[in-house]
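Below, chain A is the first sequence line, B the second, and so on; all start at residue 1.
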Amino acid sequence: MNNKKIKNKQLIYEADKCPECGASHLIRDYSRAELVCNKCGFVVEEDLIDHGPEWRAFDSDERDKKTRVGAPVNYTIHDKGLSTVIGWQNRDYYGRYIPPRNRAQLFRLRKWQKRIRISDGTERNLASALTMLDKLSSGLNLPRIVRETAAMLYRKIASLKICRGRNMECVAAAVLYAACRQCNVPRTLREIGEIANIPKKEIGRNYRYISRKIQLRILPTSPRDYIPRFCSQLKLDNNVRVKTLEIINSAYGEELISGRGPSSIAAACLYIATLLCDVRITQREISIVAGVTEVTIRNRYKELVRKLDIEVSA
DNA sequence: AAGACGAAAGTGGTTGA
DNA sequence: TCAACAACTTTCGTCTT
């Protein structure tokens, strides 16, 4: 496979072809954990795992030192995946069978290790919260970094003991919401609420509480961040995506963004872009993937077209 | 007939007194 | 704590393609 390196993190695999447009320019975007076609924007694969070495290395000696050996530290498992477990085989260090009179002792050791590993309340809470986080992020198809970020955040608030007495599920959902925003892979409160079976009001409240307590500096979500996902779900090609981003950028110039729901702006800009690119797609279809109503798309769209002087042929 | 449009009434959240 | 407010939703009738 002929790999060409661009910018540090992205690799073009020229041998692979996009199943959508056939172009052979697939890009690995590790920040979003997606394999994306550079020509049409089709997301070929989600949830990529970075198998590469941890750092850049300049000679073979350095590479040996920095290559990943064993499993990486994993924040999504309560003991970071670093636990040692007493083996199930009844053999000793040399591979000899352990005599029956010592088996009972080994059995007791295993039992107590299991009990001690997830021993106190905080550990148990952490373990089940992380399981919960993982379940939610699978349901939402979230990339690995978001899961890791969420796990780190949860560890932080657990260690600060600021969420005692709060519903753990709500806190986990709020943490996941925060992680999504921090990684610029936004999901709406409603999307998370639906998967977690928690009213979005609760998640929002917990999110505000947490971000106030640990001084999370999270910028407001930009409509831009929704575009790759929407385009991919609607199977729109790259020029629509580029056009949409252009429209969003020009909308920033005219006080059209603040105060409005970012997903509404994203949906409206996407709609305008499809009209400009002569792509037939209904407001209804966009409204479904964007999670806003057609009416809202219309209102934003009218406003944008008026303020930005965009000519849209009917 | 499907989609776009827009009016009107209702909902949930924010803000400021 | 309450009212005012803007964004957004729901619903529904009308127009356009």
Can a donor-acceptor pair under 3.5 Å be found between the side-chain atoms of A:R298 and the base atoms of B:dG6? yes
Ring of A:Y271, cation from A:R300 - is the NZ or CZ under 6.0 Å from the centre and inside 45° of the axis? no
Please write out the pairs of protein N or O atoms and N or O atoms of nucleotides 3-10 of chain C separated by less than 3.5 Å, giving the distance to one decimal.
{"from": "C:dA7", "atom 1": "OP1", "to": "A:R260", "atom 2": "NE", "distance (Å)": "3.0"}
{"from": "C:dA7", "atom 1": "OP1", "to": "A:R260", "atom 2": "NH2", "distance (Å)": "3.0"}
{"from": "C:dC8", "atom 1": "OP1", "to": "A:G261", "atom 2": "N", "distance (Å)": "2.3"}
{"from": "C:dC8", "atom 1": "OP1", "to": "A:S264", "atom 2": "OG", "distance (Å)": "3.1"}
{"from": "C:dC8", "atom 1": "OP2", "to": "A:R300", "atom 2": "NH1", "distance (Å)": "2.2"}
{"from": "C:dT9", "atom 1": "OP2", "to": "A:T293", "atom 2": "N", "distance (Å)": "3.3"}
{"from": "C:dT9", "atom 1": "OP2", "to": "A:T293", "atom 2": "OG1", "distance (Å)": "3.0"}
{"from": "C:dT9", "atom 1": "OP2", "to": "A:T296", "atom 2": "OG1", "distance (Å)": "2.0"}

Would you say A:R224 and A:N249 are linked by a side-chain donor-acceptor pair, where the criterion is simply a distance under 3.5 Å? yes
Residue pair A:Y301 / A:A268: nearest heavy atoms and the distance that separates them: N-CB, 3.8 Å
Please state whether the phosphate of B:dG6, meaning OP1 or OP2, lies under 4.0 angstrom from any side-chain nitrogen or oxygen of A:K302. yes
Grouping I, L, V, M, F, W and Y whenever their side-chain heavy atoms are under 4.5 Å apart, do A:V305 and A:V279 come out in a common cluster? yes
In whole angstrom, what separates A:I281's CD1 from B:dG3's C1'? 13 Å
A:T274: side chain to side chain donor-acceptor pair (under 3.5 Å) partners, not counting sequence neighbours: none
Between A:T131 and A:S128, is any side-chain donor less than 3.5 angstrom from a side-chain acceptor? no
Taking pairs as Watson-Crick (N1-N3 plus N6-O4 or O6-N4) or G-U wobble (N1-O2 and O6-N3), each distance under 3.5 Å, the stems of three or more consecutive pairs with DNA chain C are B:1-11 with C:7-17, B:13-17 with C:1-5
For A:E202, salt bridge (Lys or Arg N to Asp or Glu O under 4.0 Å) partners two or more places apart: A:R205
Could you tell me whether A:Y252 atom OH has more than 12 heavy atoms of other residues or ligands within 6.0 Å of it? yes
Would you tabulate the nitrogen or oxygen pairs shorter than 3.5 Å linking the protein to nucleotides 11-14 of chain B?
{"from": "B:dT14", "atom 1": "OP1", "to": "A:R208", "atom 2": "NH1", "distance (Å)": "3.1"}

Shortest non-hydrogen contact from A:P262 toward A:P223: O-CB, 3.5 Å
Selection residues 143-179 of chain A - residue pairs positive for ring-ring contact (aromatic ring centres under 6.0 Å, His included), sequence neighbours left out: A:Y177-A:Y207
Verify the contact: side-chain N or O of A:Y301 to OP1 or OP2 of B:dA4, cut-off strictly under 4.0 Å; return yes or no. no
